[in-house]
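This report refers to the structure that appears directly beneath it.
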2 protein chains.
Amino acid sequence: MAGAEWESLEQCLEKYLPLVELEEVNRILYGKETRSLDLPRRAFEAACQGDFELQGHGFEAAEEQMRRPQLVRVGLVQNKTPLPAEAPVVEQVSALHRRIEAIVEVAAMCGVNIICFQEAWTMPFAFCTREKLPWTEFAESAEDGITTRFCQKLAKKHSMVVISPILERDRDHGDVLWNTAVVISNSGAILGKTRKNHIPRVGDFNESTYYMEGNLGHPVFQTQFGRIAVNICYGRHHPLNWLMYSINGAEIIFNPSATIGTLSESLWPIEARNAAIANHCFTCAINRVGEEHFPNEFTSGDGKKAHQDFGYFYGSSYVAAPDGSRTPGLSRNRDGLLVTELDLNLCRQMNDVWNFKMTGRYEMYARELAEAVKPNYSPPILKE
Amino acid sequence: MAGAEWESLEQCLEKYLPLVELEEVNRILYGKETRSLDLPRRAFEAACQGDFELQGHGFEAAEEQMRRPQLVRVGLVQNKTPLPAEAPVVEQVSALHRRIEAIVEVAAMCGVNIICFQEAWTMPFAFCTREKLPWTEFAESAEDGITTRFCQKLAKKHSMVVISPILERDRDHGDVLWNTAVVISNSGAILGKTRKNHIPRVGDFNESTYYMEGNLGHPVFQTQFGRIAVNICYGRHHPLNWLMYSINGAEIIFNPSATIGTLSESLWPIEARNAAIANHCFTCAINRVGEEHFPNEFTSGDGKKAHQDFGYFYGSSYVAAPDGSRTPGLSRNRDGLLVTELDLNLCRQMNDVWNFKMTGRYEMYARELAEAVKPNYSPPILKE
């Protein structure tokens with residue numbers, strides 16, 4: 001296995017396939033081709049200087065008579081943690097703030113309207129350790145923590161909606177921790193927060209040691225640039241989670257994540273993209289990059305020796321459209337900013353072509369699910 | 001666009017990529033490698049003589065202490081209609097019976113335990129025409145039509161479970177037509193039937209002109225070789241449909257389909273595979289091949305001139321496993337039989353690793369869906 005140093009699927013296919021074959025392969029693997037976005041040269045220069053990848057793509061929609069195009073540019077950020085996990089908490093947070101600030105500057109040059117950072121972006125993904133300190137010290141108030149205040153400044157400065165996924169400490173409800181995304185309007189005001197609805201208990205993702213299933217349901221945020229929702233990480237494995245955000249009106253669903261090669265890399269191109277198809281909406285899948293080393297050994301429940309890291313986050317962040325097409329992924333191993341222009345009209349257009357909500361029969365499923373969860377449920381199994 | 005003559009994605013990648021790159025590409029695109037099944041030489045000879053493709057693959061599961069491997073071989077059949085749509089109905093049906101009989105002979109040589117044919121397999125996919133005659137004459141009783149009797153003979157002869165998707169005429173309920181799959185036990189007895197739950201109104205798939213949404217819910221069939229269900233065609237776009245079959249206990253969900261290149265080819269590798277991942281089960285996606293020409297012109301609601309066919313069915317039938325891996329697809333343009341050996345133990349193993357049912361929060365979704373379908377539902381939308 002080539003591992004973390006192998007840059008991306010797209011680069012490999014482009015390198016080896018003849019052009020006519022590449023077109024056919026891309027048609028099947030990526031759907032209708034995205035167009036390249038014309039981003040400013042100084043943005044590429046700043047990205048180069050800042051040592052992160054910058055890609056720009058655009059999805060097209062058909063012209064309509066009654067609506068103008070609803071163009072919105074989203075920015076997806078994937079990044080390594082700049083300091084080692086042993087560094088003081090405040091220094092790690094501060095280094096991440098500085099790193100993100102630099103990337104957001106470039107996003108602003110590219111005209112990004114809505115930006116989303118990776119899951120628990122202010123910290124290493126330390127939930128594999130099962131240790132409480134110092135990791136719980138990264139938790140902050142969603143309403144007035146330093147990271148929310150930092151994001152408010154960014155939002156206002158660049159007139160950009162900011163989605164900031166953090167480890168939240170909820171002081172008003174007995175100091176409970178949550179995996180939360182704070183959504184900040186381009187005015188700088190906090191629009192609200194949303195919490196991770198499904199919590200993994202798989203491999204090194206021992207997250208239920210730290211926080212429980214979210215209790216805020218499926219809120220959608222009306223921004224100046226469209227209606228958005230946030231499906232955090234492991235929620236992407238749950239089709240019902242995507243569905244409820246979509247039923248509630250989301251046109252773009254962000255999926256800030258942290259996931260590693262051995263666990264999920266072959267699932268990654270499938271799940272968020274399936275959600276875009278099934279729900280007639282755009283989905284934005286964001287993963288970390290790099291390896292994170294922890295001070296103390298931990299075990300992974302896989303029979304292997306205790307160790308201090310859990311493999312590499314494979315990046316590959318991408319945007320999927322309601323017509324089943326998708327952008328190429330960002331690199332598997334470099335920090336990156338993916339700028340994508342969406343025409344939100346494509347959501348309703350695909351809805352009117354495919355009609356999955358019209359043909360969805362949700363009454364039937366509400367009834368069947370309500371039956372199925374009863375302790376005495378007896379599934380309809382036909383035998384000879 | 002290369003079109004129907006381009007054989008398959010897998011063949012193209014194998015031809016051009018160096019071995020080490022191919023391995024990495026396959027790991028990301030196909031997940032854990034399937035093993036090649038050792039099928040008898042005479043089966044390959046018979047397939048060659050019968051001019052259809054034969055592929056054999058196997059998925060592995062971990063060894064357990066308390067259960068033996070539960071090996072089952074499934075067969076997926078994709079085929080053209082041998083006679084033109086102008087031929088007399090009885091001759092078309094008879095030619096299809098003969099074609100399928102020959103393919104099932106080869107499946108028997110390969111030790112297939114459960115075989116599934118394509119959607120509405122006894123007829124051309126004439127629903128694009130919106131004409132009633134002669135197409136409704138292909139409808140048969142699920143209980144004692146000639147096709148069910150034919151399949152019962154095959155099932156008994158080869159001790160093979162047969163899934164036979166037909167256009168059903170339900171005489172006992174006022175001669176209503178349905179899109180139905182009849183499931184026949186390896187004893188030759190009819191286990192039952194299941195109906196297409198979601199009916200498309202998209203492009204040339206004018207199926208609601210002929211039949212309505214199924215009224216049999218989500219039955220699962222207990223066979224000697226495992227618990228199976230059938231999600232017919234357009235139902236694959238509806239994640240809740242897959243979910244209910246899975247909640248009801250299905251370990252293998254077959255998806256007999258008929259779909260064409262321009263509409264869905266980039267969605268095809270995504271949807272059934274996502275369902276295998278999300279539901280910890282095997283899914284078997286089957287599509288037709290070839291073009292079907294109809295005697296009279298029809299239009300497609302796409303601004304184009306009236307015509308007599310609706311493009312090519314792109315085959316590419318495949319099996320996806322609960323660990324996210326999948327087999328290569330059958331050809332895009334040839335008849336084919338895909339034989340795949342599954343170890344059903346992989347379903348529970350993946351369930352116990354990922355726990356999507358445990359973390360699925362179905363009570364919450366039953367409640368939210370029941371609310372969402374109310375006429376006065378007001379979604380939770382947060383504004384500034």
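Keep in mind that this is a model prediction, so the values were computed, not measured. Excluded from the calculations below are hydrogen atoms, water molecules and symmetry mates; all remaining heavy atoms, backbone and side chain alike, are included. Just so we're on the same page: letters track the sequence lines, and every chain starts at 1.
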> Stepwise, does the side chain to side chain contact (heavy atoms under 4.5 Å, CB included) test hold for Tyr362(B) with Leu240(A)?
Replying inline: CA-CA 9 Å; Tyr362(B) 302 126; Leu240(A) 273 163; 4.0 Å; yes
> Quick one: CD on Glu265(B) to CD on Glu24(A), what's the gap to the nearest 0.5 Å?
Replying inline: 7.0 Å
> When only pairs under 4.5 Å are counted, which of Gly249(B), Cys12(B), Gly203(B) shares the most heavy-atom pairs with chain A?
Replying inline: Cys12(B)
>> What I'd like to find out is whether the side chain of Ser266(B) reaches to under 4.5 Å of the side chain of Tyr30(A), using heavy atoms alone.
In response: no
> Picking from Glu363(A), Arg367(A), Met364(A), which has the most non-hydrogen pairs under 4.5 angstrom with chain B?
Replying inline: Glu363(A)
> Side chain, backbone, both or neither: which part of Tyr377(A) has a heavy atom under 4.5 Å from chain B?
Replying inline: side chain
> Are more than 12 heavy atoms from other residues, nucleotides or ligands located less than 6.0 Å from atom NZ of Lys383(A)?
Replying inline: no
> Side-chain contact, heavy-atom cut-off 4.5 Å: Glu368(A) with Leu243(B)?
Replying inline: no
> Checking heavy atoms, do the side chain of Tyr234(B), its backbone, both or neither come under 4.5 Å from chain A?
Replying inline: side chain
>> What verdict does the side chain to side chain contact (heavy atoms under 4.5 Å, CB included) test give for Ile277(A) and Asn274(B), after you've listed the backbone C-alpha separation in whole Å, the side-chain angles of each residue and the deciding distance to 0.1 Å?
In response: CA-CA 11 Å; Ile277(A) 297 166; Asn274(B) 190 73; over 6 Å; no
>> Please classify the contact of Glu371(A) with chain B as side chain, backbone, both or neither, using a heavy-atom distance under 4.5 Å.
In response: neither
>> With rounding to the nearest 0.5 angstrom, report the CG to CZ distance, Asn355(B) to Arg201(A).
In response: 8.0 Å
> For the atom pair CH2 (Trp354(A)) and OG (Ser264(B)), what is the distance rounded to the nearest 0.5 Å?
Replying inline: 5.5 Å
>> I need the Phe221(A) CZ to Glu384(B) CD distance, nearest 0.5 Å.
In response: 12.5 Å
> When you look at Arg361(B) and Glu213(A), which way does the salt bridge (charged side-chain N to carboxylate O under 4.0 Å, His left out) test go after all the steps?
Replying inline: CA-CA 9 Å; Arg361(B) 305 185 72 183; Glu213(A) 280 73 12; 5.9 Å; no
> Are side-chain heavy atoms of Leu22(B) and Tyr16(A) found at a separation under 4.5 Å?
Replying inline: no
> Quick one: what part of Leu9(A) sits under 4.5 Å from any heavy atom of chain B, side chain, backbone, both or neither?
Replying inline: side chain
>> Looking at every non-hydrogen atom in both residues, tell me the closest pair between Gln222(B) and Ile381(A) and how far apart they are.
In response: CB-CG2, 3.8 Å
> Looking at Leu263(A), Leu382(A), Val202(A), which one has more heavy-atom pairs under 4.5 Å with chain B than the rest?
Replying inline: Leu382(A)
> Taking the side chain as C-beta and beyond, is there a heavy-atom pair between Pro380(B) and Asn248(A) under 4.5 Å?
Replying inline: yes
>> Could you measure the distance from the CG atom of Leu13(B) to the CG atom of Leu13(A)? Nearest 0.5 Å is fine.
In response: 6.5 Å
> Between Met358(B), Glu21(B), Lys32(B), Glu271(B), which shows the greatest number of heavy-atom pairs under 4.5 Å with chain A?
Replying inline: Glu21(B)
>> I need the residue from Ile190(A), Asn197(A), Ile247(A) with the largest number of non-hydrogen atom pairs under 4.5 Å to chain B.
In response: Asn197(A)
>> Go through it in stages, so that I can follow the logic: the residues are Tyr365(A) and His218(B), the test is ring pair (Phe, Tyr, Trp, His ring centres under 6.0 Å), and I'd like the CA-CA distance, side-chain angles, deciding distance and then a yes or no.
In response: CA-CA 10 Å; Tyr365(A) 290 105; His218(B) 295 86; 5.3 Å; yes
> Does the side chain of Thr359(B) pick up a donor-acceptor pair with the side chain of His237(A) at under 3.5 Å?
Replying inline: no
> Of all heavy-atom pairs between Phe356(B) and His238(A), which one has the smallest distance, and what is that distance?
Replying inline: O-CE1, 3.1 Å
> Based on non-hydrogen pairs under 4.5 Å, which of Gly192(A), Gly214(A), Gly217(A), Ala275(A) is most in contact with chain B?
Replying inline: Gly214(A)
>> For the interface with chain A, which of Arg227(B), Lys15(B), Gln224(B), Met244(B) has the highest count of heavy-atom pairs at distances below 4.5 Å?
In response: Met244(B)
>> Please report the interatomic distance CZ(Arg273(A)) to CZ(Arg273(B)), rounded to the nearest 0.5 Å.
In response: 11.0 Å
> Does any heavy atom of chain B fall under 4.5 Å from the side chain of Arg326(A), the backbone, both, or neither of them?
Replying inline: neither
>> For chain B, which candidate among Ala250(A), Ser378(A), Gly360(A) shows the most heavy-atom pairs at distances under 4.5 Å?
In response: Gly360(A)
> Which pair of heavy atoms, one from Gly261(A) and one from Arg27(B), lies closest together, and at what distance?
Replying inline: O-NH1, 4.3 Å
> Does the pair Leu267(B) and Asp323(A) meet the rule for a side chain to side chain contact (heavy atoms under 4.5 Å, CB included), with working shown?
Replying inline: CA-CA 9 Å; Leu267(B) 318 185; Asp323(A) 64 357; over 6 Å; no
> So what's closer than 4.5 Å to chain B heavy atoms on Tyr314(A): side chain, backbone, both or neither?
Replying inline: neither
>> Tell me which of these, Ala189(B), Ala372(B), Ala366(B), has more heavy-atom pairs under 4.5 Å with chain A than the rest.
In response: Ala366(B)
> Quick one: what part of Asn241(B) sits under 4.5 Å from any heavy atom of chain A, side chain, backbone, both or neither?
Replying inline: both
> Ile270(A), Asp352(A), Leu191(A): which one forms the most heavy-atom pairs within less than 4.5 Å of chain B?
Replying inline: Ile270(A)
>> Checking Trp6(A) against Val20(B) for the side chain to side chain contact (heavy atoms under 4.5 Å, CB included) test, could you report, in this order, the C-alpha distance in whole Å, the side-chain angles of both residues, the deciding distance, and whether it holds?
In response: CA-CA 11 Å; Trp6(A) 198 75; Val20(B) 58; over 6 Å; no
>> Can you tell me which portion of Pro219(B) sits under 4.5 Å from chain A's heavy atoms? Options are side chain, backbone, both or neither.
In response: both
